[in-house]
Protein chains: 2
Amino acid sequence: MTHSTAHDSHHHAHDWAQLLRGRGLRATAQRMAVLEFLHDHPHSDAETVFQAIRPALPTVSLQAVHLIVQDLSGKGLIRRISLPDSASARYETRIEDNHHHIQCIHCGRIEDVDCVVGHAPCLEPDDTHGMRIIEASIVFRGICQDCDALINQQAKEKP
Amino acid sequence: MTHSTAHDSHHHAHDWAQLLRGRGLRATAQRMAVLEFLHDHPHSDAETVFQAIRPALPTVSLQAVHLIVQDLSGKGLIRRISLPDSASARYETRIEDNHHHIQCIHCGRIEDVDCVVGHAPCLEPDDTHGMRIIEASIVFRGICQDCDALINQQAKEKP
DNA sequence: TATTTATATTGAACTACTAAAAACAACTGC
DNA sequence: GCAGTTGTTTTTAGTAGTTCAATATAAATA
Ligand SMILES: [Mn+2]
Ligand SMILES: [Mn+2]
Ligand SMILES: [Zn+2]
Ligand SMILES: [Zn+2]
């Protein structure tokens, strides 16, 4: 069996295999499928990844996805994000920078937010309580334009 | 039965009862115990609160604590905090200001951090993606002095 | 290609939390 | 103070997300 599928031509070929081996991990179809999907669909949870890669890998299990995202997070190939309110953890392949997130409290839509002023002022809190800061995770919460319009419309209809 | 117990003299009496009634909630022993404990032990999770108030209220249930923290959060009497890594939600009575948190990734210790520059610059991300920001929750993560010393010592012992 | 060993699968368990019905107790008004 | 009303708690069960342990599988290595 060769590696080329109909999918491969659609996007720049990320050499997930090489990336995995570079970290001492075996390049399995499951891991590459998870990486590929997360690259195209950042901020997905384990269940979403599982459902998405299932058609191509019929024998894959949800437990495997959990194992994989845990291993990949541990090796720094993906980042685990936990958002207030959503019970499940999200994952993304964008790990080069320390970026943050903004979420609509109405529809749950998540977007990336670059570090606040560029040079991570967020890494300099007022009082560190003697701690050496390693990172800051910021989650902005608000309402997106679509939901805002929707809410305004509903308010107009039933006042 | 009067309200005075051995505990009451130790700290300023917070009138939790009045606070609860002011929000249209009944002043039950369980709710007051939860408020009292969270006031003295901020950033506790439901299980911790449950174990702590159990001696004084032997019939209290963990489910009741979950219900209570949910109700109190809903009425704005306490704040729910979710931290990366810790599966369970934490609660605190400090709700007057929009403060943030710093956590040691080694021992889990949590401290309060005042809003970064005072006037919530955290509420002004670079790109809002069209969203109207309502709040920002920042969790700084680092290593506390104790753990730092411990880690350095271990490194010295086994090099 | 055979061997080794990491990884995936399977099935079960665990934790945080929620739901529904019944028992209880805080407020209301007498 | 006492009974009635109704909000809360208790009890019992259930769910979602995740982890664990044993076995099966397949990627790397020779
Ligand atoms: Mn992101
Ligand atoms: Mn706090
Ligand atoms: Zn929205
Ligand atoms: Zn520490």
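Both backbone and side-chain heavy atoms feed into the values below; hydrogens, waters and symmetry mates do not. Residue numbers start from 1 in every chain, and the chains themselves are labelled A, B, ... in the order their sequence lines are given, proteins ahead of strands.
Every residue two or more places apart in sequence or in another chain was checked for a salt bridge (Lys or Arg N to Asp or Glu O under 4.0 Å) with A/D146, and none qualifies. Every residue meeting the salt bridge (Lys or Arg N to Asp or Glu O under 4.0 Å) condition with A/D112, not counting sequence neighbours, appears here in chain and number order: A/R94. Evaluation of the salt bridge (Lys or Arg N to Asp or Glu O under 4.0 Å) rule for A/R132 yields B/D148 as partners, not counting sequence neighbours. The salt bridge (Lys or Arg N to Asp or Glu O under 4.0 Å) check on B/R109 picks up B/E111, with sequence neighbours excluded. With sequence neighbours left out, the side-chain contact (heavy atoms from CB on, under 4.5 Å) criterion links B/H106 to B/C104, B/C147, B/L150, B/I151. With sequence neighbours excluded, no residue forms a side-chain contact (heavy atoms from CB on, under 4.5 Å) with B/A149.
Chain B approaches DNA chain C within less than 4.0 angstrom (heavy atoms of the protein), and the contacting nucleotides run 5' to 3' from C/dA16 to C/dC27.
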Report all interatomic pairs (protein N or O, nucleotide N or O of nucleotides 24-30 of chain D) with separations under 3.5 Å.
{"unit_1": "D/dA27", "atom_1": "N3", "unit_2": "A/R26", "atom_2": "NH1", "d": "3.1"}
{"unit_1": "D/dA28", "atom_1": "OP1", "unit_2": "A/R21", "atom_2": "NE", "d": "2.7"}
{"unit_1": "D/dA28", "atom_1": "OP1", "unit_2": "A/A27", "atom_2": "N", "d": "3.0"}
{"unit_1": "D/dA28", "atom_1": "OP2", "unit_2": "A/R21", "atom_2": "NH2", "d": "3.2"}

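Under a hydrophobic clustering in which Ile, Leu, Val, Met, Phe, Trp and Tyr are joined whenever their side-chain heavy atoms come within less than 4.5 Å, directly or via other members, B/L25 and B/W16 fall into the same cluster.
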Donor-acceptor list for residues 55-83 of chain B side chains, cut-off 3.5 Å, not counting sequence neighbours:
{"unit_1": "B/S61", "atom_1": "OG", "unit_2": "B/A64", "atom_2": "N", "d": "3.1"}
{"unit_1": "B/S73", "atom_1": "OG", "unit_2": "B/V69", "atom_2": "O", "d": "2.6"}
{"unit_1": "B/R79", "atom_1": "NH1", "unit_2": "B/D97", "atom_2": "O", "d": "3.2"}
{"unit_1": "B/R79", "atom_1": "NH1", "unit_2": "B/H99", "atom_2": "ND1", "d": "3.4"}
{"unit_1": "B/R79", "atom_1": "NH2", "unit_2": "B/D97", "atom_2": "O", "d": "2.7"}
{"unit_1": "B/R80", "atom_1": "NH1", "unit_2": "B/Y91", "atom_2": "OH", "d": "3.0"}

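Remark: B/T93 OG1 to B/L35 CG distance equals 7.5 Å, nearest 0.5 Å. B/L38 CG to B/E92 CD: the interatomic distance, rounded to the nearest 0.5 Å, is 9.0 Å.
Side-chain atoms of B/Q103 come within 3.5 Å of backbone N or O of B/G108 as a donor-acceptor pair.
The side chain of A/Q63 has D/dT19 as its nearest neighbour among D/dT10, D/dT18, D/dT19.
Within residues 71-88 of chain B, no residue has any heavy atom under 4.0 Å from DNA chain D. Near DNA chain C, defined here as any heavy-atom distance below 4.0 Å, there are no residues from residues 41-51 of chain B.
Between B/L67 atom CG and D/dT11 atom C1' the separation is 13 Å, expressed in whole Å. The separation between B/Q70 atom CD and D/dT8 atom C1' is 13 Å, rounded to whole Å. Here D/dT9 presents its P atom at 11 Å from CE of B/M32, a figure rounded to the nearest Å.
Between B/T128 and A/F140, every side-chain heavy-atom pair lies at or beyond the 4.5 Å cut-off. When side chains are defined from C-beta on, B/E47 does not count as touching B/S88, because their heavy atoms never get closer than 4.5 Å.
Relative orientation of the B/H101 and B/H43 rings is perpendicular, given thresholds of 30° and 60° on the angle between their planes.
Using five terminal pairs a side, the axes of the helix from C/dT1-D/dA30 to C/dC30-D/dG1 at its two ends make an angle of 40°, given in steps of 10 degrees.
Considering every non-hydrogen atom in both B/Q145 and A/G130, the closest pair reads CG-O, 3.0 Å.
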